[in-house]
Number of protein chains: 2
Amino acid sequence: MKKVTIHDVAKQAGVSPATVSRVLNGTAKVKPDKAEQVQKVIAELGYRPNALAHSLAQGKGSGTVGVIVRHLYGEFFSLVLSAFENELRAKGLHMICSSSNGSAQEERQSLKIMTQRGVEALFLMAPCLPDAELLELIGTTPTVLMNRYIPELARSCVTIDNRLGGYLATKHLLDLGHERIACITAYLTRQFARQRLEGYLEALREKGIARDDLLIIEADDLYSESGTQATERLLKLGSFSALFATNDLMAAGALKALQAHAYSVPEDVSIIGFDDLSLCQLTTPTLSTMHYPTEEMGKCAAQHLLQQMEGKAPDTLSPFKSYLKIRESSAAPKGQTSPVKPLVES
Amino acid sequence: MKKVTIHDVAKQAGVSPATVSRVLNGTAKVKPDKAEQVQKVIAELGYRPNALAHSLAQGKGSGTVGVIVRHLYGEFFSLVLSAFENELRAKGLHMICSSSNGSAQEERQSLKIMTQRGVEALFLMAPCLPDAELLELIGTTPTVLMNRYIPELARSCVTIDNRLGGYLATKHLLDLGHERIACITAYLTRQFARQRLEGYLEALREKGIARDDLLIIEADDLYSESGTQATERLLKLGSFSALFATNDLMAAGALKALQAHAYSVPEDVSIIGFDDLSLCQLTTPTLSTMHYPTEEMGKCAAQHLLQQMEGKAPDTLSPFKSYLKIRESSAAPKGQTSPVKPLVES
DNA sequence: TTGTAGGCGTTATCAA
DNA sequence: TTGATAACGCCTACAA
C-alpha cells in the first residue's frame, strides 16, 4: 500500500500528470469529461496531493508561519496567540509553533528549523536571543516582534507602553489620595518589569514623593505565590496604604497575603495590578488593573505580517497603550494618613 | 540575491553536491580537509539547507505533528498544549497547530492541509467531526485523541473519567452533610458536561436523594458570567446549601453571585468546581474543586504519539482520574453538628 | 485542450 | 572516499 501519486492518478485516468495537476489546481481549462474522470479516480484511489512537493516545485512559501513564544501557557500568551492564529487561518496560513522556555538555545534551534522548513514569516514573542544573532537567523524572512524592540526592525515591533502603564496605575493611586504606595515587581531581568517600575517611579517623582526602597520589592518570578511572599516581606518592612503589583497574578497573591493578615482591601490597602486577566473579575474584591489589549496586539501582529508577506509597505507600528480598569480593589485611603501600621512614621 | 543551494556550495568548494550532503548530515565519512573546506564555504555563502527538499528526498516525515484544538486560549488547553509541546520538542519535533473554534468545517480544512503537508502525527483535542469522517481524514497517520472516544481508535484516546469526577465532587458535598445540592452545568451539548452531570446524579441516587430539576441548571456556555447568571436563576428557584459547578470558571462566577446576594461561602452555601485552575487558589474563599491532571495528560498524549511513530505497540491508555482538592469553599452546612456523617457507619 | 520535458533542492545508489 | 545519476512528487514552460 504505497503512496499514490499524481502519476498513478494520471495513468489510471488515462491522462497526463499535468492534466491531473490542472484539475487539481484549476490552473488551466480541462475538458469537463476528462476532469470528471480524474476526480473520480482521485476519489477511488484516495489520492492526496503532497504539499511538500507542491511547495518545492512552486518555490513559493509553505503556507506556514513560524511562531516562537516563551511559554505556551498563561492567559496572556494564549490570548495573543489565539487572536493571531484566527487572523492567519482566515488567510489559509498555518502556524508552526514552539516555546523557548526562555532558553536562547531552544530559540536558536527552533528559529533555524523553521526557516529551513520554509516558513513564510515569523512571529516572535519576547525572544531572548541577542539582537545581532536574531537578525542573522531571521535573514530576509518577514518578521514581527512582540514585546521586544530592535532598531533594525523598528517597523515591525508590536509593543505596549509599559512605562506609561506603570505611571497611570500609580497615578491612579496617587489621585485617590495615597502617598505611601508600595510596588511589587516581577524580577527586573524582564524588560516589561523594569519599564513598569520606571513608570511607578516617575509618577511618584512628579508628585514630589521620594523613592522609598523599603516599599519596592522585587519578587522571584511573576506568579501569584511570589506576590504573596513579597507582600509578606513588605508588611514587615514598611507601611503603605496602597500597592502596585506589576502584574495581576502577583496582585492577586498580594491580595491573599493582605487578607491573611486581616487587612481588608481596599479599606486598609488599595491594590492595582497590570494585564487585566480574567481573574481580576473573580477575586474578592475584584482587582483594579491596567488593561492590556492582548487580542488587538495579536491581531495587529498578524495583519502586519500579512502586509509584509504581500510585499506591501507595512504600517508603522506605534506602541499600544494600556488604560485604567478601575474595579473594587482601589479606593481612597481610610483616614487622612496610612492606616497600615505606620512603623516608620509613628 | 538568489537562494544558495547545495550545488552552489559544492561548486564553490570544488566538490560534488553529494559530498556536501555528507558533511551536512554526517551520513558518511569525508576527508577532514574537504569537510573543512565545505564548512567554510557554507559559512561564507550563508547557505541554509532546504528542509522541504530534504523531506521530499528522504520520503520521511517532515518533523512536524499536527495539533488541532478547539481554542488556543483557556488555561486548560494551554497547559495541555504546553506539556505536549515540551515532550515533542525534546525529540526535535515541531507542532503545527490551528484552532477550530468548534467548527467542523475548520477542522476538516486543517486536517486536510496538515496531512498533505506531511505531518507525521496528529493530536486532536476534542474534535467535533463525526467519527467516520475523522477516521477517513486521519487515514494512516498516527493519532492521539484527547477527550473524545472513538472505538476504532480505542488505544489512542487520552481521556479523563468525568463521570467519576462529578460523582466524587458531589459525594464530597454529601459527606459534609449537604442534602440539597444544586448543579450548574455547562451546556449539555458538550460531552464532558453530560458526564459530570451524570456523576452528580449518581451520587445523589446512591444516597437516595431524588433528582430535583429545579436544582439543575444548564448554563449558556462555560465561562464565569454564565456561572453568575445561572446562580442568579437558581437563587430564585430553589433552596440549596451546596453547589456543584461543572467547571471552575462557573464556580467562580457562582461565588460572585452568591456574595453579591450577601450569602457567605462556605457558611451559607458550599461550592465545588471542576478543573483545578490556578484561579481556584486566588478567589476568596479559595475554591474546592476536582483536580484535572492537565500536564500529565498532555505528556501522556505526546509519549503515546511518539510510541506510535516509532512503530512500537503503544501502551493501552486508561482514563485519567481526577481527585478531590478540598479548599475553603466547601464545609458542613450551617447548624450541622458533625460535619461528616457517613450514613453507613454511624 | 493536452502531453512532454525539465527543474525545484536534497538524498540514496552505485560505480569508480 | 568520492562523484555521477536517478529518484522524491509536483509544477511550469513549451510544444503539439
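Treat the numbers as computed from the prediction; the structure is a model and nothing was measured. Chain letters run A, B, ... following the sequence lines, proteins first, then strands; residues in each count from 1.
- Both B/G14 and A/V20 sit near DNA chain D, but only B/G14 has its closest nucleotide nearer the 5' end.
- Side-chain contact between B/K34 and B/Q37: absent, with no pair of heavy atoms (C-beta onward) separated by less than 4.5 Å.
- Nearest heavy atoms, A/S99 versus B/N86: OG-OD1, 3.9 Å.
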Show me, pair by pair, the donor-acceptor contacts under 3.5 angstrom made by side chains of residues 41-52 of chain B, not counting sequence neighbours?
from, atom 1, to, atom 2, distance (Å)
B/R48, NH1, A/T115, OG1, 3.2
B/R48, NH1, A/L137, O, 3.1
B/R48, NH2, A/E136, O, 2.9
B/R48, NH2, A/L137, O, 3.1
B/N50, OD1, B/L52, N, 2.7
B/N50, OD1, B/A53, N, 3.0

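- Boundaries of the chain B contact region on DNA chain C are C/dG9 to C/dT13, first to last in 5' to 3' order (nucleotide atom under 4.0 Å from a heavy atom).
- Of the residues in residues 23-48 of chain B, B/K29, B/V30, B/K31, B/K34 come within less than 4.0 Å of DNA chain D through at least one heavy atom, sorted by number.
- One side chain, A/S16 or A/T19, offers a donor N or O that lies under 3.5 Å from an acceptor on the other.
- Contact annotation: the side chain of A/M95 approaches that of A/F84 to within less than 4.5 Å [non-hydrogen atoms, C-beta and beyond].
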Pairs under 3.5 angstrom only: tabulate donor-acceptor contacts from the side chains of residues 119-134 of chain B to other protein residues two or more places apart or in another chain.
from, atom 1, to, atom 2, distance (Å)
B/E120, OE2, B/S62, N, 3.4
B/E120, OE2, B/G63, N, 2.6
B/D131, OD1, B/R148, NH2, 2.7
B/E133, OE1, B/R108, NH1, 2.8
B/E133, OE2, B/R108, NH1, 2.4

Which atom pairs, one a donor and one an acceptor, fall under 3.5 Å between side chains of residues 296-307 of chain B and the rest of the protein, sequence neighbours left out?
from, atom 1, to, atom 2, distance (Å)
B/H304, ND1, B/D315, O, 3.4
B/H304, NE2, B/R155, O, 2.9
B/H304, NE2, B/S156, OG, 3.4
B/Q307, OE1, B/D315, N, 3.1
B/Q307, NE2, B/D315, OD2, 3.3

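- Every residue two or more places apart in sequence or in another chain that forms a side-chain contact (heavy atoms from CB on, under 4.5 Å) with A/Y187 is listed here: A/T189, A/R190, A/E218, A/D221, A/L222.
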Which donor-acceptor pairs under 3.5 Å do side chains of residues 68-82 of chain A form with protein atoms, sequence neighbours excluded?
from, atom 1, to, atom 2, distance (Å)
A/H71, ND1, A/Y73, OH, 3.4
A/H71, ND1, A/N101, OD1, 3.4
A/E75, OE1, A/S278, N, 3.4
A/E75, OE1, A/S278, OG, 3.1
A/E75, OE2, A/S278, N, 2.8
A/E75, OE2, A/S278, OG, 3.3
A/S78, OG, A/G74, O, 2.5
A/S78, OG, B/S78, OG, 3.1

Apply the test side chain to side chain contact (heavy atoms under 4.5 Å, CB included) to residues B/V158 and B/L145: give CA-CA distance (whole Å), side-chain angles for both, the deciding distance (0.1 Å), then the verdict.
CA-CA 6 Å; B/V158 176; B/L145 250 49; over 6 Å; no

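- Axis angle between the ends of the helix from C/dT1-D/dA16 to C/dA16-D/dT1, five pairs each and rounded to 10 degrees, works out to 40°.
- Close to D/dC11, at under 4.0 Å from its OP1 or OP2, lies a side-chain N or O of A/H54.
- For the pair B/K11 NZ and D/dG3 P, the interatomic distance rounds to 15 Å; values are reported in whole Å.
- Atom pair A/H7:NE2 and D/dC10:P shows a separation of 8 Å (rounding to whole Å applied).
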Scan nucleotides 14-16 of chain D against the protein and return all N/O pairs shorter than 3.5 Å with their distances rounded to 0.1 Å.
none

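- Two residues, B/P17 and A/I6, neighbour DNA chain D, and the one matched to the more 5' nucleotide by heavy-atom proximity is B/P17.
- Between A/S21 and D/dC11 there is a side-chain N or O to OP1 or OP2 distance below 4.0 Å.
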Just distance, no hydrogens or angles: give the donor-acceptor pairs under 3.5 Å from side chains in residues 22-33 of chain A, sequence neighbours left out.
from, atom 1, to, atom 2, distance (Å)
A/N25, ND2, A/S21, O, 3.0
A/N25, ND2, A/S21, OG, 3.4

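- Among residues two or more places apart in sequence or in another chain, the side-chain contact (heavy atoms from CB on, under 4.5 Å) test is passed with A/I113 by A/Q109, A/R117, B/H94.
- Within the structure, the salt bridge (charged side-chain N to carboxylate O under 4.0 Å, His left out) test picks out the following pairs touching residues 83-100 of chain A (sequence neighbours left out): A/E85-A/R89, A/R89-B/E106.
- Put simply, A/Q58 has a side-chain N or O that comes within less than 4.0 Å of OP1 or OP2 on D/dT12.
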